[in-house]
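Hydrogens, waters and symmetry mates are skipped; everything else that's a heavy atom, side chains included, is used. This structure is a prediction, so every number in the text was calculated from the model and none was measured. Proteins come first, then strands; the chains are lettered A, B, ... in the order of their sequence lines, and each starts at number 1.
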Protein chains: 2
Amino acid sequence: MKKQVKKKTSAKIPVGIVHVAKKAGVSPATVSRVLNDNPTVDPKIREIVKAAIAELNYRPHFAARNLPKGQTGNLALVTARSSPVIFANPFFSKVFEGIGSVLDESPFNLMLSLTPSQMRRLMDSRTVDGIILIAVRENDPYLEEVEEMELPSVVIGAYRRISQMTVFCPDYEGGVASAVKFLAGIGHRRIGLLDGPPDSYKSGEDRRGFEEAIRQLDLEEVGSLTAEEFLERDGFLAFCSHFSEGKPLPTAYVVSSDHLAIGLLKATGDFGIKVPEDLSIVGFGDIPIAEHLQPPLTSIHGDLVEMGAEAARTLIQMVEGRKKIIKRVVYPMQVVERGTTAPPKA
Amino acid sequence: MKKQVKKKTSAKIPVGIVHVAKKAGVSPATVSRVLNDNPTVDPKIREIVKAAIAELNYRPHFAARNLPKGQTGNLALVTARSSPVIFANPFFSKVFEGIGSVLDESPFNLMLSLTPSQMRRLMDSRTVDGIILIAVRENDPYLEEVEEMELPSVVIGAYRRISQMTVFCPDYEGGVASAVKFLAGIGHRRIGLLDGPPDSYKSGEDRRGFEEAIRQLDLEEVGSLTAEEFLERDGFLAFCSHFSEGKPLPTAYVVSSDHLAIGLLKATGDFGIKVPEDLSIVGFGDIPIAEHLQPPLTSIHGDLVEMGAEAARTLIQMVEGRKKIIKRVVYPMQVVERGTTAPPKA
DNA sequence: TTGTATGCGTTATCAA
DNA sequence: TTGATAACGCATACAA
């Protein structure tokens with residue numbers, strides 16, 4: 001009764017599991033079983049099927065495969081920061097490296113979302129099994145949604161200390177504190193902080209580490225500067241406006257990003273302030289350019305490839321194990337001494 | 001005869017198109033139609049359905065939706081370069097910005113592949129409808145596969161001049177040539193090139209532009225340097241080994257990346273060579289740091305956000321229109337004069 | 001204009 | 001150990 005008029009188009013016919021089954025003389029179910037390494041299949045049959053697969057150059061359809069499973073096989077890397085802030089920052093390239101290496105070993109694909117609207121789409125349309133949030137800020141509009149969501153997620157980078165989220169984070173607090181201690185160790189008593197924007201959780205951590213160290217060492221409080229963003233021009237601007245108002249200078253600055261430090265360096269140069277003679281500077285992140293600057297920038301370094309990798313691993317555990325893992329992992333940072341730091345003049 | 005024993009688990013029940021249909025008192029087909037803005041649906045019914053959708057907070061399943069269409073709704077951004085080379089390079093952040101903005105307006109999601117194996121997976125498993133190749137190199141193993149593939153694809157960045165691929169590319173050749181002309185214009189006769197690795201198509205373009213300009217202007221041929229990669233340390237090393245061999249120096253260098261130029265700058269500083277008094281330097285790419293260097297780096301600038309955007313747009317046209325578009329679009333670059341260039345000494 | 005039925009490519013449940 | 005057959009969530013040709 002069925003009228004099956006198959007239009008045999010000359011176009012490339014996508015080979016599916018049924019073709020393989022036919023060719024191997026078995027049922028689609030059996031093909032599916034060898035595809036999934038199901039042990040309940042006769043070794044001989046298995047070989048026959050594998051041969052058919054190879055001969056037809058058959059490749060399983062990823063999405064179709066996951067449909068019955070109620071999964072997608074995709075993970076998302078999500079941020080709402082503009083690309084200059086995130087991609088131009090070598091910090092993240094390390095993180096990506098770690099994530100990439102883990103995903104390479106896993107069966108998961110990676111989706112990328114550069115804007116809140118893209119991200120919402122990913123979440124809403126059940127396109128991903130889990131989410132890696134990166135470069136989160138306090139007022140990011142989607143934050144609550146994600147936390148309340150059932151979708152497994154981890155955040156990389158600073159986040160609020162108390163939450164139900166799993167976070168992997170450089171030790172901003174400890175890193176800045178050790179920079180202060182380093183500077184104090186070579187004689188500085190008046191140390192300032194050039195910090196990033198207040199809505200960045202990182203800024204909060206920086207400040208916490210800074211103030212705690214100042215207190216512990218019983219150093220003078222000289223106030224601190226705040227940049228609008230973490231980029232060069234923001235460091236430049238922050239110092240310029242501070243200096244042009246005739247405010248007093250510390251003998252050293254701890255700066256919360258190398259990019260910021262480069263801007264500050266430029267500003268001091270323009271004003272004829274000598275680094276490190278008149279002013280010492282410690283950056284944060286130790287970007288590749290740091291050591292090639294003139295003078296080379298003293299900075300706070302951490303190996304963050306593992307951080308990205310561990311975040312990815314944990315997320316995968318969460319989605320595969322269908323269990324929630326809540327923890328906060330902090331990665332150590334340490335001062336790399338170079339040419340922008342020296343004992344204060346007098 | 002059907003034995004339907006629905007296990008009513010207490011877990012969250014994913015709401016599907018059938019639930020909406022039931023709630024609205026229509027068939028699933030009709031719901032599907034309003035989802036796809038099919039005009040052949042009664043306005044009143046449309047409202048009812050929309051209300052049901054809202055009430056149930058229904059979200060269409062992305063993959064399931066595309067399965068019948070024979071599509072995936074995903075595009076891939078692919079590279080085999082290591083993350084430091086690609087992500088740490090502000091050049092790419094511009095490109096990403098363009099791509100992101102276009103995808104935001106489109107219904108497509110973006111997948112990211114950082115390694116050849118991930119990429120192969122994406123292609124094989126029919127997970128994406130199109131591919132954006134970026135930072136391609138001559139011996140990249142997957143290149144032939146992609147070109148022979150039926151999957152729509154575009155490449156961003158230099159590629160071989162003759163091919164069936166659609167490519168969007170900065171005008172490396174013209175940019176370098178204009179830098180040579182600029183230097184000649186302020187009096188330089190002995191101009192050198194510090195180029196990137198030979199397997200980069202960009203290097204070929206640079207060289208082409210350089211040599212052509214030298215010939216046109218009838219300038220002296222002083223040979224050129226080759227760096228192993230486009231990063232700071234490679235520029236540093238290239239100059240060091242050249243200089244320590246006591247070879248003669250030109251009065252100016254055109255350098256094929258700002259990162260390379262920063263390394264070179266560092267090396268000259270270490271050797272006591274004054275820039276721009278003893279040696280002029282022109283970088284390429286005009287990264288944000290360039291103008292904050294001391295002295296600020298003269299560089300070759302181009303606005304490449306549009307390049308990324310146009311590449312994405314074209315790819316989308318290809319997959320939506322199921323047609324092949326072959327073209328080669330080149331984006332203009334121009335010299336931004338800053339502090340590392342000056343007339344030669346004598 | 002709407003509903004029915006079928007198919008998309010695979011997994012999974014149940015018999016055999 | 002294997003094979004029908006029913007999902008998975010949706011789109012669409014065809015019928016009504």
Open item on the list: I need the residues from residues 117-126 of chain B with at least one non-hydrogen atom less than 4.0 Å from DNA chain C; give them sorted by number, or say none.
Closed with: B:Arg126
- [ ] Output the residues of residues 55-76 of chain B in contact with DNA chain C, where contact means a heavy atom of the residue under 4.0 Å from an atom of the strand; sort by number or write none.
- [x] B:Leu67, B:Pro68
Task: B:Lys69 NZ: over 12 foreign heavy atoms closer than 6.0 Å - done: yes
Open item on the list: Could you work out how much the helix from C:dT1-D:dA16 to C:dA16-D:dT1 bends, comparing the axis of its first five pairs with that of its last five, to 10°?
Closed with: 40°
4.5 Å side-chain heavy-atom contact, [X] and [Y]:
{"X": "B:Asp140", "Y": "B:Arg81", "answer": "yes"}
{"X": "B:Met111", "Y": "B:Leu122", "answer": "yes"}
{"X": "A:Tyr58", "Y": "A:Pro60", "answer": "yes"}
{"X": "B:Asp104", "Y": "A:Leu114", "answer": "no"}
{"X": "A:Thr79", "Y": "A:Ser113", "answer": "no"}
{"X": "A:Lys323", "Y": "A:Ile325", "answer": "yes"}

Open item on the list: My understanding is that only residues two or more places apart in sequence, or in another chain, count here; which of them pass side chain to side chain contact (heavy atoms under 4.5 Å, CB included) with B:Thr72?
Closed with: B:Asn74, B:Asp129
- [ ] Tell me which residues in residues 17-27 of chain A put a heavy atom below 4.0 Å from DNA chain D, sorted by number, or none.
- [x] A:Val26, A:Ser27
TODO: May I ask you to list the residues of residues 46-53 of chain A, by number, that have any heavy atom positioned under 4.0 Å from an atom of DNA chain D?
DONE: none
Task: Separation of C:dT2 P from B:Asn36 CG (nearest whole Å) - done: 15 Å
TODO: Check the distance between C:dT10's P and A:Asn38's CG and give it to me in whole angstrom.
DONE: 17 Å
Task: Donor-acceptor contact present, side-chain A:Thr314 to main-chain A:Glu310, <3.5 Å - done: yes
Open item on the list: Starting the side chain at C-beta, find the nucleotide from C:dT2, D:dT1, C:dG3 nearest to B:Arg33.
Closed with: C:dG3
Between [Y] and [X], does any NZ, NE, NH1 or NH2 come within less than 4.0 Å of an OD or OE carboxylate oxygen?
{"X": "B:Arg322", "Y": "B:Glu150", "value": "no"}
{"X": "B:Glu138", "Y": "B:Arg160", "value": "no"}
{"X": "B:Arg313", "Y": "B:Glu306", "value": "yes"}

Open item on the list: Which residue is it: B:Leu143, B:Val154, B:Leu133? I am looking for the one with a side-chain contact (heavy atoms from CB on, under 4.5 Å) to B:Met165.
Closed with: B:Leu133
Task: Polar contact flag, side-chain donor to acceptor under 3.5 angstrom, A:Asn36-A:Arg65 - done: yes
Open item on the list: If only side-chain N and O atoms count, and only distance matters, is there a donor-acceptor pair under 3.5 Å linking B:Asn139 with B:Arg137?
Closed with: no
Open item on the list: Categorize A:Thr30 for me: base, sugar-phosphate, or nothing, with a 4.0 angstrom heavy-atom threshold over every strand shown.
Closed with: sugar-phosphate
